[in-house]
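Quick notes on the structure that follows.
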Amino acid sequence: MPVLLKRIYLEVADGGFGRWGEALSLTDDSYSFSDSGSLLEEYVTVWRSRPSHPAPVVPLLTWGCAIWSFVDFSTPDGRMWGWDPNQRCLRHALFPEDLTLAQRLVGWLNGGEEDFPQPLPIADCVECAPDVEAPGGVLRLT
């Protein structure tokens, strides 16, 4: 676990910090900051059961609408990852972000932008092509 995250969990709070106070508790699911279980429960039962999920990438919080932020436990600075199946196909929904846990926390503390996970476009995947609202329904751009 990255040192900053470890210190937050040990010295500040066991969850409930960060954006809208919804970081997952490590193990306690008797109180919840979101619709999710504890970090350990989410990691073991949901994310590790996905065959392509990298082992050191651990959930931190949910943004709602199936969007998640993750922390890479194998990096000392806590590299952030995002999950957004609304903008990408399930094969590409998990993606590395270009920021660290400290940078994400500073963004939240400064009250600036929400810092939703922002995936880069994938040009060669027709399943990741954006949908466009059109008269009579949704048009898939492929």
Side-chain angles (χ1 to χ4, degrees), residues 1-10 12-29 31-142:
M1 178 182 290
V3 173
L4 175 60
L5 187 58
K6 184 176 182 178
R7 289 196 64 195
I8 292 171
Y9 274 114
L10 291 174
V12 178
D14 180 17
F17 58 87
R19 177 204 147 273
W20 299 331
E22 292 184 358
L24 301 174
S25 167
L26 288 175
T27 58
D28 188 356
D29 61 4
Y31 61 99
S32 179
F33 306 106
S34 69
D35 297 4
S36 307
S38 70
L39 184 147
L40 182 62
E41 179 185 348
E42 291 293 324
Y43 177 71
V44 171
T45 61
V46 177
W47 300 104
R48 283 303 299 143
S49 64
R50 296 175 184 270
S52 61
H53 190 87
V57 177
V58 177
L60 178 63
L61 63 85
T62 177
W63 296 82
C65 297
I67 302 168
W68 283 81
S69 282
F70 293 81
V71 178
D72 188 340
F73 276 30
S74 70
T75 60
D77 57 357
R79 280 285 168 209
M80 298 300 299
W81 285 66
W83 168 269
D84 189 347
N86 304 300
Q87 294 191 45
R88 289 183 165 192
C89 70
L90 290 180
R91 194 175 42 151
H92 297 116
L94 182 66
F95 53 90
E97 293 189 273
D98 191 25
L99 68 148
T100 65
L101 174 62
Q103 292 168 322
R104 165 79 27 93
L105 290 171
V106 167
W108 292 334
L109 290 172
N110 287 339
E113 56 194 73
E114 287 298 316
D115 287 328
F116 276 96
Q118 295 296 319
L120 295 173
I122 296 181
D124 61 345
C125 179
V126 295
E127 293 177 42
C128 288
D131 292 336
V132 174
E133 292 292 329
V138 173
L139 176 65
R140 169 79 61 190
L141 298 178
T142 54

What heavy-atom pair brings Trp83 and Leu94 nearest, and what distance separates the two atoms? CE3-N, 3.5 Å
Can you name the closest pair of heavy atoms from Gly37 and Leu24 and give their distance? O-CD2, 3.4 Å
Residue list, ring-ring contact (aromatic ring centres under 6.0 Å, His included) with His92, at least two apart or on another chain: none
Hey, are the side chains of Val71 and Leu60 touching, using non-hydrogen atoms and a 4.5 Å cut-off? yes
Please enumerate all residues that pass salt bridge (charged side-chain N to carboxylate O under 4.0 Å, His left out) together with Arg50, with sequence neighbours excluded. none
Under 3.5 Å, is there a donor-acceptor pair between the side chain of Asn86 and the main chain of Cys65? yes
If you compare all heavy atoms of Trp68 against all heavy atoms of Leu61, which two are closest, and at what distance to 0.1 Å? CE3-O, 3.3 Å
Could I get the full list of ring-ring contact (aromatic ring centres under 6.0 Å, His included) partners for Trp81, not counting sequence neighbours? none
Residues two or more places apart in sequence or in another chain: which of them pass side chain to side chain contact (heavy atoms under 4.5 Å, CB included) with Ala102? Leu4, Thr100
Is the ring centre of Phe70 less than 6.0 Å from the ring centre of Trp47? yes
Answer yes or no: is there a side-chain heavy-atom contact under 4.5 Å between Val57 and Pro96? no
With sequence neighbours left out, the residues meeting side chain to side chain contact (heavy atoms under 4.5 Å, CB included) with Leu26 are Met1, Tyr9, Asp14, Leu39
Mind jotting down which residue pairs meet the salt bridge (charged side-chain N to carboxylate O under 4.0 Å, His left out) criterion with at least one end in residues 83-95? Sequence neighbours excluded, please. none
Listed once per pair and sorted, the salt bridge (charged side-chain N to carboxylate O under 4.0 Å, His left out) pairs that draw on residues 60-83, sequence neighbours left out: Asp77-Arg79
Which pair of heavy atoms, one from Pro85 and one from Ala66, lies closest together, and at what distance? CD-O, 3.3 Å
For Pro76, check side chain to side chain contact (heavy atoms under 4.5 Å, CB included) against everything at least two apart and list the hits. none
Closest approach of Gly82 and Pro117, non-hydrogen atoms and distance? CA-CB, 3.7 Å
Determine the minimum heavy-atom distance between Trp63 and Ser69, stating which atoms define it. NE1-OG, 2.7 Å
Side chain to side chain donor-acceptor pair (under 3.5 Å) involving Arg7 - partner list, sequence neighbours excluded: Glu11
Any donor and acceptor pair, going by atom type alone, linking the side chain of Thr62 with main-chain N or O of Ile67 inside 3.5 Å? yes
Gap separating the CG atom of Leu40 from the CZ atom of Arg48, nearest 0.5 angstrom: 12.5 Å
